[in-house]
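Since the structure comes first, as structure tokens, the remarks are kept for the end.
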Amino acid sequence: MKVAMVALGAGFSGSLANKVLAGEVPTRVSSKAVFNDKIKRMVAALAELIIPETDTPGAVEAGVPAFIEMMVSDWYKDSERDIFFQGLATLDQYCQSQFKTDFNDCTQDQQIAALKSVEAAAKTYKNVTPMSMDGKTVDENIPFFTKMKELTVLGYYTSEVGAKQELSYNPVPMRFDGDYDFSKVGRQWSW
């Protein structure tokens with residue numbers, strides 16, 4: 001149920017939120033490979049730019065790229081999958097026009113510039129079909145950057161790394177303390 005609340009709270013895409021609300025739990029293995037080597041490298045670089053390694057492991061170490069492939073392959077509708085792949089192509093086109101090379105061959109600073117360009121485009125998008133409580137009117141056309149970010153965050157924080165190393169893991173808190181001193185833990189709780 002926590003994943004469902006995260007999906008709703010983060011404004012996740014329509015089909016993803018609907019499936020999570022229906023009780024489906026994402027796995028970590030795709031039923032079919034939909035990413036070639038180039039796309040796998042792009043997705044890994046993008047995920048690591050969104051959640052880089054710091055004092056805790058980054059997205060790549062948490063297995064987020066494989067999770068993203070599984071979600072795109074098994075959970076996304078065709079229209080969402082098309083938006084995702086077109087977004088990757090747009091990143092490559094941006095890098096070709098700005099840096100005369102593919103995204104994968106760019107420096108990290110160039111990759112960040114490319115990512116910022118698709119982020120800026122995503123900010124101009126207006127959701128015209130807000131999610132209803134019955135889950136029937138959802139906007140599946142959210143931009144690539146939003147899709148990439150939501151998959152990275154969901155994949156990371158539902159991984160063992162995200163839940164146990166980034167968050168403070170407490171599977172059975174035993175009691176509710178509504179006034180707990182955050183400075184004692186330094187991280188948000190997960191369960």
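Note that these values count all heavy atoms, side chains included, but never hydrogens, waters or copies made by symmetry. Remember, predicted model here, so these are calculated numbers, not experimental data.
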What are the two closest heavy atoms between [X] and [Y], and how far apart are they?
{"X": "Leu91", "Y": "Ala114", "answer": "CD2-O, 3.4 Å"}
{"X": "Met71", "Y": "Leu154", "answer": "CE-CD2, 4.4 Å"}
{"X": "Pro57", "Y": "Tyr156", "answer": "O-OH, 2.6 Å"}
{"X": "Phe35", "Y": "Lys40", "answer": "O-CE, 3.4 Å"}
{"X": "Phe103", "Y": "Ala45", "answer": "CE2-CB, 3.9 Å"}
{"X": "Phe67", "Y": "Leu151", "answer": "CE2-O, 3.6 Å"}

[X] vs [Y] side-chain heavy atoms within contact, under 4.5 Å:
{"X": "Val34", "Y": "Phe84", "result": "no"}
{"X": "Glu80", "Y": "Lys147", "result": "yes"}
{"X": "Ile83", "Y": "Tyr76", "result": "no"}

> When you look at CD of Gln108, are more than 12 heavy atoms from neighbouring residues, nucleotides or ligands closer to it than 6.0 Å?
Replying inline: no

> Do the ring planes of Tyr94 and Phe99 sit parallel (below 30°), tilted (30 to 60°) or perpendicular (above 60°)?
Replying inline: perpendicular

> Mind checking what makes side chain to side chain donor-acceptor pair (under 3.5 Å) contact with Arg81, not counting sequence neighbours?
Replying inline: Asp78

> Which residues satisfy the side chain to side chain donor-acceptor pair (under 3.5 Å) test with Gln96, sequence neighbours excluded?
Replying inline: Asp102

>> With no hydrogens and no angle check, just 3.5 Å: does a side-chain donor-acceptor pair link Thr56 and Gln165?
In response: no

> Got a sec, which residues hit salt bridge (Lys or Arg N to Asp or Glu O under 4.0 Å) with Asp37, two or more places apart in sequence or on another chain?
Replying inline: none

>> I'd like to check the salt bridge (Lys or Arg N to Asp or Glu O under 4.0 Å) partners of Asp109; sequence neighbours left out, ordered by chain and number.
In response: none

>> If you apply the rule side-chain contact (heavy atoms from CB on, under 4.5 Å), what do you find for Leu88 with Ile39, and how did you get there?
In response: CA-CA 8 Å; Leu88 293 172; Ile39 291 174; 3.6 Å; yes

>> Could you go through Phe145 and Thr90, starting from their C-alpha distance and side-chain angles, then the distance that decides it, and tell me whether this counts as side-chain contact (heavy atoms from CB on, under 4.5 Å)?
In response: CA-CA 11 Å; Phe145 177 78; Thr90 298; over 6 Å; no

>> Can you list everything that forms a side-chain contact (heavy atoms from CB on, under 4.5 Å) with Val60? Sequence neighbours excluded, please.
In response: Ala44, Glu48, Pro65

[X] [atom1] to [Y] [atom2] distance, which is reported to the nearest 0.5 Å:
{"X": "Gln93", "Y": "Gln86", "atom1": "CD", "atom2": "CD", "result": "6.0 Å"}
{"X": "Glu69", "Y": "Asp74", "atom1": "CD", "atom2": "CG", "result": "9.0 Å"}
{"X": "Phe144", "Y": "Leu115", "atom1": "CZ", "atom2": "CG", "result": "7.5 Å"}
{"X": "Ile142", "Y": "Glu150", "atom1": "CD1", "atom2": "CD", "result": "4.5 Å"}
{"X": "Glu61", "Y": "Glu53", "atom1": "CD", "atom2": "CD", "result": "6.0 Å"}
{"X": "Ile50", "Y": "Met148", "atom1": "CD1", "atom2": "CE", "result": "4.5 Å"}

> Is there a side-chain contact (heavy atoms from CB on, under 4.5 Å) between Glu119 and Ile112 once you walk through the steps?
Replying inline: CA-CA 10 Å; Glu119 178 184 26; Ile112 290 169; over 6 Å; no

> Which salt bridge (charged side-chain N to carboxylate O under 4.0 Å, His left out) pairs, counting each pair once, include a residue from residues 86-97, with sequence neighbours left out?
Replying inline: Lys38-Asp92

